Amino acid sequence: MSPAFNENSKQKAGAGAFALRIVTAREMQRTEQLAFTAGLDSYTAMERAGRAVADAILARWRRRPVLVLCGPGNNGGDGYIIAATLRAAGWPVSVTALAAPSSTDARRAATGWGSTALEPDDITWPEAGGLIVDALFGIGLTRRLDGVGANLVQRANQCGAPIVSVDIPSGVHADTGAMLGTAIAATLTVTFAWCKPGHVLLPGRTATGELVIADIGLPAAPLPDDLSPVWRNTPALWRHALPVPRVQDHKYSRGHLVAIGGGVMTGAVRLAVRAARRAGAGLATILAPAAAVSVYAQDQAGAIVRPRPETADVVAYLKDSRVSAVLIGSGLESGGETSDLLRHVLAARHATVVDGGGLDAWRDLDHHLIAERAGPVVLTPHEGEFARLCGNLGADLGPGLGKLQRAQAAARLFGAVIVLKGPDTVIAAPDGRAIVNGEAPAYLATAGSGDVLAGLIAGLLTQGMDAFAASAAAVWLHAEAARRFGPGLLAEDLPDLLPKVIAELSAAS
Ligand SMILES: NC(=O)C1=CN([C@@H]2O[C@H](COP(=O)(O)OP(=O)(O)OC[C@H]3O[C@@H](n4cnc5c(N)ncnc54)[C@H](OP(=O)(O)O)[C@@H]3O)[C@@H](O)[C@H]2O)[C@@H](O)CC1
Ligand SMILES: [K+]
């Protein structure tokens, strides 16, 4: 397993993995408190935060009229520092205050700004050639925006000037990415120390625009022990674990994947198996209903296709010690036969990817079978499948449970890696680790692309890669292949794009 996935302190981690962390608002606040206890002055932190935002603005825009919207908390405090810094750089700056500053540091920053703050009714909104700084609410936002605050957000979004958000667009929930009533649509967001879930999960990711993560000297003390192990998905986390064939390898030692083929929707497993083979699986065998054998056999000359007239044939085949992973569910109907097959597949104790119809079958499994199985399991639901799989999972944790927390809860419940798919796919492990993939291109919203992903995960698993790392790697490779192809992408295109993406990663490591 990657050391990056285990890091829990700055000392233990490579700087790269450390910087990729995603922390909740509460974790950020605790990190901040530890730093203050260790001697960091809280106003110094605010000054650094404000200057970091002002620097990002000065690096991107030439002198122009700027309106700074300040809220009552420390986010507003940052806003007064930004206003004073831009004024000192010669910019025409005006400030409006939603309410008087409510913290000691924010009051001090407002005093430092020194000039009058406009009443919201007296604002002259900048045009496209101006700039707005959104310092209304940061990670301390707890309630829905309404009244004057909501009105300021809407007017700012409508006025046509680019908006720079301080820490997070006001109105976005830092832990879930949800919009609390309404939210700023930023061109640029400057956050501090680490990214928050709200920057990478939709709709917060769209509201964030370009994201800059500024170093303001935090953490300045050892991290809280129980900081949740969550990262943004990039190759730094798993590149070193990608399988590379050794000189003595043969097809079985490179990994033998068995895919359970369906009788009608044969395309799913054909796509999946091609992706697995392109990812390096030495051999793929499709166990297909007798009537569909010729369809599978005509598609890929290099894959083995065997009939499976009875479930017993599958059971016997999976006893072969040369099988190293199983893919079940792609193109299978939910219901009796699939449930029966899934029970037998799990009993065979291989690493297993469960997709499509297999996910409904998983829901109906006896829980002792889930607990007793030995092989690692990856479940790959999209939101609809997740809702059927998990029902109101997490409802007891509060109404605002986000995608990240839902995936983590499901992974713990099932003891399986969950790949909760979408434009902001979350990969969660049973031990609480999670990775958010924030960069999937919309071209992936096409039939069959989920089958390719399931096959790609299975292809990496079958070569011995850890289930969590294999899932994160597959999600990233899948998105990168799609990004390179661009418009007109078909799921059929994806498998053959993989070798180049993988080769470039391997060459760069
Ligand atoms: N983390 C760091 O390292 C550093 C963080 N820094 C900065 O501090 C920010 C966090 O500051 P923060 O904790 O004061 O919270 P913030 O976001 O200003 O909001 C709290 C205020 O809003 C109010 N309020 C809440 N919801 C509301 C609503 N719907 N409608 C109306 N009001 C509402 C709430 O009122 P209350 O709930 O108390 O009644 C309170 O007055 C952080 O994002 C970053 O910018 C840097 O300065 C230094 C380093
Ligand atoms: K903000």
Side-chain angles (χ1 to χ4, degrees), residues 21 23-38 40-54 68-82 85 97-110 112 120 132-153 156-157 163-175 178-196 198-199 204 207-209 211-221 223-224 400:
R21 263 193 184 280
V23 304
T24 63
R26 194 165 155 271
E27 288 168 338
M28 190 69 231
Q29 285 150 358
R30 282 172 53 218
T31 303
E32 200 182 26
Q33 282 310 318
L34 287 173
F36 297 157
T37 307
L40 177 68
D41 173 51
S42 63
Y43 190 70
T44 303
M46 183 176 278
E47 283 183 315
R48 288 178 183 165
R51 289 213 185 109
V53 180
V68 184
L69 310 175
C70 290
N74 287 333
N75 196 252
D78 298 349
Y80 292 108
I81 306 253
I82 296 161
T85 309
L98 177 61
S102 62
S103 78
T104 310
D105 287 335
R107 275 193 291 274
R108 187 170 162 191
I132 292 176
V133 173
D134 154 40
L136 288 171
F137 303 107
I139 60 174
L141 182 71
T142 49
R143 311 186 293 281
R144 277 174 72 83
L145 294 186
D146 55 15
V148 182
N151 187 261
L152 282 177
V153 165
N157 285 345
I163 306 177
V164 178
S165 282
V166 180
D167 209 1
I168 193 158
S170 297
V172 171
H173 190 290
D175 292 348
M179 273 200 216
L180 295 173
T182 183
I184 286 285
T187 301
L188 168 71
T189 296
V190 181
T191 193
F192 312 118
W194 298 295
C195 142
K196 319 297 174 299
H199 296 125
T208 294
L211 179 65
V212 168
I213 301 175
D215 180 357
I216 59 165
L218 291 173
L223 298 182

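Since the model is a prediction, treat every value here as computed from it, not as a measurement. For ligands, and for the atoms within them, numbers begin at 1 and follow the listed sequence.
For the residue pair Y80 and A97, the shortest heavy atom distance occurs at OH-CB, 3.5 Å. Closest non-hydrogen pair, V153 versus I184, comes out as CG1-N, 3.5 Å. Here the closest heavy-atom approach between residue A45 and residue L40 is recorded as CB-CD2, 4.2 Å. The two atoms that bring G79 and V68 nearest to each other are O-CG1, 3.5 Å, heavy atoms only. N74 and S103 make their closest contact through OD1-OG, 2.5 Å (heavy atoms, listed as atom of the first residue, atom of the second, distance). Minimum heavy-atom separation, G198 to T208: O-OG1, 4.1 Å.
At least one N, O or S atom of F137 sits under 3.4 Å from the K ion (ligand 2). The K ion (ligand 2) has an N, O or S atom of S170 closer than 3.4 Å. Inclusion of N75 in the first shell of the K ion (ligand 2) is supported: an N, O or S atom falls under 3.4 Å. Contact annotation: V166 places an N, O or S atom under 3.4 Å from the K ion (ligand 2).
The option from D167, I216, V148, N74 that lies nearest to atom 42 (C) of ligand 1, judged by heavy atoms, is D167. Considering each of F137, Y43, F36, W194, the one bringing a non-hydrogen atom nearest atom 30 (N) of ligand 1 is F137. Nearest-heavy-atom check against atom 36 (P) of ligand 1 across E47, E27, R143 picks out R143.
Between the S102 side chain and the P72 main chain, a donor and an acceptor come within less than 3.5 Å of each other. A donor-acceptor pair is defined here as one N or O able to donate and one able to accept, closer than 3.5 Å; such a pair exists between the side chain of N157 and the backbone of A185. The closest donor-acceptor contact from the side chain of S170 to the backbone of F137 lies under 3.5 Å. Listed for the H173 side chain is no donor-acceptor partner under 3.5 Å among the backbone atoms of L141.
The distance from ligand 1 to the heavy atoms of T142 drops below 4.0 Å at these ligand atoms: 25 (C), 26 (N). Near N75, with a cut-off below 4.0 Å to any heavy atom, the atoms of ligand 1 are 8 (O), 9 (C), 11 (O), 17 (O), 18 (O), 43 (O), 45 (O). Contact atoms of ligand 1 toward S102: 41 (O) (distance under 4.0 Å to a heavy atom of the residue). Annotation for ligand 1: atoms under 4.0 Å from non-hydrogen atoms of G73 are 14 (O), 18 (O), 21 (C).
Here the K ion (ligand 2) is the vertex; the O atom in I168 and the OD2 atom in D134 give an angle of 80° (to 10°).
Put simply, OG1 on T85 and CD on E47 are 8.5 Å apart, with the number rounded to the nearest 0.5 Å. The structure places CG of L211 at 8.5 Å from CG of L188, a figure rounded to the nearest 0.5 Å. Expressed to the nearest 0.5 Å, how far CG of N75 lies from CG of D134 amounts to 6.5 Å. Atoms CD1 and OG1, on I163 and T187 in that order, are 6.5 Å from each other to the nearest 0.5 Å. Atom CD1 in I168 sits 7.5 Å away from atom NZ in K196 (nearest 0.5 Å).
For ligand 1, the polar-atom distance check finds no N/O of G76 at less than 3.5 Å from any of the ligand's N/O atoms. Of the N or O atoms in L218, none lie within a sub-3.5 Å distance of an N or O in ligand 1. Considering backbone and side-chain atoms alike, Q29 places every N or O at 3.5 Å or more from each N or O of ligand 1. Looking at I139 next to ligand 1, an N or O pair under 3.5 Å apart turns up.
Looking at atom 2 (C) of ligand 1, its nearest protein heavy atom turns out to be E32 OE2, 2.9 Å. Nearest non-hydrogen protein atom to atom 46 (C) of ligand 1 is D78 OD1, 3.4 Å. Here the protein heavy atom with the shortest distance to atom 40 (C) of ligand 1 is P72 CG, 4.3 Å. G138 N, 2.6 Å is the protein heavy atom nearest to atom 17 (O) of ligand 1. Among all protein heavy atoms, the one lying closest to atom 13 (O) of ligand 1 is G140 CA, 4.1 Å.
The shortest separation from a heavy atom of G149 to ligand 1 is not under 4.0 Å, leaving the residue out of contact. Proximity of L136 to ligand 1 is not established, as no heavy-atom distance is less than 4.0 Å.
For atom 34 (C) of ligand 1, no protein heavy-atom neighbour is present inside the 4.0 Å cut-off. At a distance under 4.0 Å, no protein heavy atom can be found next to atom 38 (O) of ligand 1.
In this structure, R26 places its CZ atom where only 12 or fewer heavy-atom neighbours from other residues, nucleotides or ligands lie under 6.0 Å away.
The proximity of M46 to ligand 1, defined as any non-hydrogen pair under 4.0 Å, involves the side chain as well as the backbone. The part of R144 lying near ligand 1 is the backbone, judged by heavy-atom distances below 4.0 Å.
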